[in-house]
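Below is one structure; the comments refer to it alone.
Indexing begins at 1, ligand by ligand and atom by atom, following the structure's order.
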Amino acid sequence: MCGIIGYIGEQKAIPLLLHGLKSLEYRGYDSAGTAVIENGQLQVQKAKGKICVLEEKIAGNFGQAKVGIAHTRWATHGRPSDENSHPHMDCHKEIAVVHNGIIENYLQIKEELEQKGHVFVSDTDTEVIPHLLEEYYEGNLLQAMEKATKKMRGSYAIVAICVKEPDVLVAARKDNPLIIGLGDNENFFASDIPAIINSTRNILILQDGELAAIYQDRVDVYANGQKVKKEIVRIDWDAEASKKGGYAHFMLKEIHEQPWALNQTLQGRIEEEHGKVYFHDFSMSKEEAQRIHKIAVVACGTAYHAGLVAKYAIEKLLRIPVEVDIASEFRYRDPMVDQNTLLVVVSQSGETADTLAALREGKKKGARVVAITNVLGSSISREADDIIYTWAGPEIAVASTKAYLTQLMAVYLLTLYLGDLLDKIDLPTRQKMMEAIYRLPHQVEEILQNLVPELQQLAKRFAQKNDIFYLGRGMDYAVVLEGALKMKEISYIRAEAYAAGELKHGTLALIEEDVPILALATQMDVYEKMISNIKEVKARGAYVVGFTYEGNTDLTKTVDHVVYLPQTDDLLAPILSVVPLQLLSYYTAIERGCDVDQPRNLAKSVTVE
Ligand code: AGP
C-alpha cells in the first residue's frame, strides 16, 4: 500500500522524508522515491526495492532543500521499477507529484495529453497528474490542482510541488487518506500518522473533495472553492501503536480497513454508463465464455472458503457447475479439468505452494486459469492466464480478514462479468445486485461502528469455553466455516462449523447445557429450516447467538442473543455476516491473552507443501 509524506519548514527535507518513509514501511511497498526543490530545480531520486536502496542512491547527499515530497509505492498500474516509482514529473521537470489511489480514466487523459505533445516515461496512472498540472498551470499550483481534480475520475491522495512556487506544497484528497501535520514553523502532509508522529502530534484530517496548501508558517484548506476551518486533532499514540495505525494489532487494523479495501477491489471495474463489470487484466470473448462447461475453484484455508461462496453465487446466477477443491487435494486426485474448464485459483499471497501446484496441474490439463490474488508479481499472478487483483493492500496479520472480503468481492465481480457475457443475468437483477454491491463498504463500516461493544461482551463469555459450534445453511454454511477457522487459529478454541441440517446425523450428540453456538440466518430461502435447526440445539440446552438482518426480530424468540446485520441481497450476505465473526474471534483471543497477529504454529505465507 502506498505511503506519502511531504515537508516544508526550516530543517533539511531529505532526512525527514526518509525517516517518514521508514515509518510507513510496515504497509508494504516495492519502490520508493523523493523529490525536493533545491536551487530552483527539482532533485528527484527513485529506486525499486527497499528504502535502503534509495538511501544508497542518495548516498548522504542531503543538500540544503527545505521542501519536498516522498513516496513508497505498492505497484498497481505498471510493474515495480525505478521509472514507475513516484514522484512523477511533468515534461519540463518543474512539477513533481506523489499519489496514492487509482486514476480510473488515466488512459483517456494520457491520450489527450499526448496529442498535445506531453511525453510520458512510465506505465503508471499517476504520471498523468503532473502533466495535467503542467497543462493547467498559470502561476498558481493550487488552482491547477483544482482544475486537475475536475478532470480525474477515481481515488486519490495527491501532493505536488512546483519549482516556480518553492514556498508551498499543494494536495487534494478523494477516497484516500491524507492528513496535515502542524509543526512549529514547519508543516507536513502524510498519508498516515506514523510518518509524522516524531515531529508533531497535532494534525488536521482532510476530507474527500478538499484541497490544501501548506506553507512553512501557514496551512490553508479549501472545500468547494471556499476556505474552511479545520479542527486540530491531537494524537496520543505510542510508537508501537502508531505502526498499526493506532490499533492494538494488525488484525484489528485490517478488519477496520475492510470498507476501504472493498472499494479498492471495486473501483475502476464498473463501467459508468451501463454498470457493467470489466477488468484491466482479464477479458474473455462471448465464444470463450460459452465454451466453459465447468468452473473449478482451488485454494487453501480462508481463500478456499471464499471459493465456497463462489460456488453458491456462480451456480445460482449462471447455472454453470462449480467444483471447489482444497488445493492440496486437487493436485493429487487427477482432477477432471480440461480446455472447457475455467480454473479459478484464489490466493491472498499468490505464493501458497499447494495452490501454485494446483494451478500448474490445471494448466497442464488445458484449463484456462484466472487467479484472484492480492500480490502483484507473485508466483501465482505470473503463471495464471488472467489475474483479478483484489488490491486490498498488504495483509500482515496471519489471520486473513480483509483479503477474504475482497476475494468475495472479486468473486461477485467475476460472476457478474461472466453473467453479462453469457446473457445469464437479466437487467433488473444486475441493477439490483450492483446497487447492493455499492452499499456494502458502507454497511461493513456500520457493523464496525455499531457492533463492537456487543461482541466484546459475547467474547468474554466465549473465552471461557473449550468448544464453540457454528451453524449455517447455504452460503451461511460457507461463512461459518470461515468464522470457525478464524476462532481456531487465533484463540485456540476448538471451533467447528456444520451445515445446520447435518447436525442430527451425528454432531448433535456433542450439544449439552451452555455449549455456545453461533448460528447464521441470512439466507431467506432456508430461514425457517434454520430456525428449526436452532430449536434442535436449544432443546439440548445450548447458548445460541443468532445473526440475521435488522428487522428479523422473530429470531429473538428462538435464540439467546441476536446480532443484527444491515439488510442486503442474500447472495452478498457473506461480506457482511463474516465481519462480526472476525471481531468475535479477535476479542475472544484478546480475552484469552493470545498472540493475535502471530498465532502459534502458523505462518502468513505457506510456501511449502
Ligand atoms: C487464514 O486466516 C489463514 N492464514 C490461511 O488459511 C490462508 O488463508 C491460507 O494459508 C491461504 O493463503 P493464501 O490466500 O495466501 O494462498
Exercise. At the 4.0 Å heavy-atom cut-off, does Glu351 count as touching ligand 1?
Worked result: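 Checking ligand 1 against Glu351, which is what was asked, there is no heavy-atom contact under 4.0 Å.
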Could you list the atoms of ligand 1 found under 4.0 angstrom from a heavy atom of [X]?
X      : answer
Gly301 : 6 (O)
Gln348 : 13 (P), 14 (O), 15 (O), 16 (O)
Ala399 : 2 (O)
Lys486 : 1 (C), 2 (O)
Ala303 : 8 (O), 14 (O)
Thr302 : 1 (C), 2 (O), 6 (O), 8 (O)
Ser400 : 1 (C), 2 (O)

Exercise. If only atom types and distance count, is the side chain of Ser347 paired as donor or acceptor with the main-chain N or O of Thr373 below 3.5 Å?
Worked result: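 Checked: no pair found.
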Aromatic ring proximity [X]/[Y], centre distance under 6.0 Å:
X      : Y      : answer
Tyr247 : His256 : yes
Phe282 : Tyr417 : yes
His561 : Tyr543 : no

For this session: Using a strict cut-off of less than 4.0 Å between a Lys/Arg side-chain nitrogen and an Asp/Glu carboxylate oxygen, indicate whether Glu395 and Lys402 qualify as a salt bridge.
Result: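 Salt bridge flag = no for Lys402 with Glu395.
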[X], any N or O under 3.5 Å of ligand 1 N or O:
X      : value
Glu489 : yes
Val398 : yes
Thr355 : no

For this session: May I ask you to check whether Ser85 and Asp82 show a side-chain donor-acceptor distance below 3.5 Å?
Result: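 Note: Ser85 and Asp82 side chains miss the donor-acceptor criterion.
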Problem set entry | Arg360/Glu383 under salt bridge (charged side-chain N to carboxylate O under 4.0 Å, His left out): CA gap, chis, key distance, verdict | CA-CA 8 Å; Arg360 288 174 182 157; Glu383 294 195 28; 2.6 Å; yes
For this session: Assess whether atom CZ of Arg333 is packed by more than 12 heavy atoms of other residues, nucleotides or ligands within 6.0 Å.
Result: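 Yes, enclosed.
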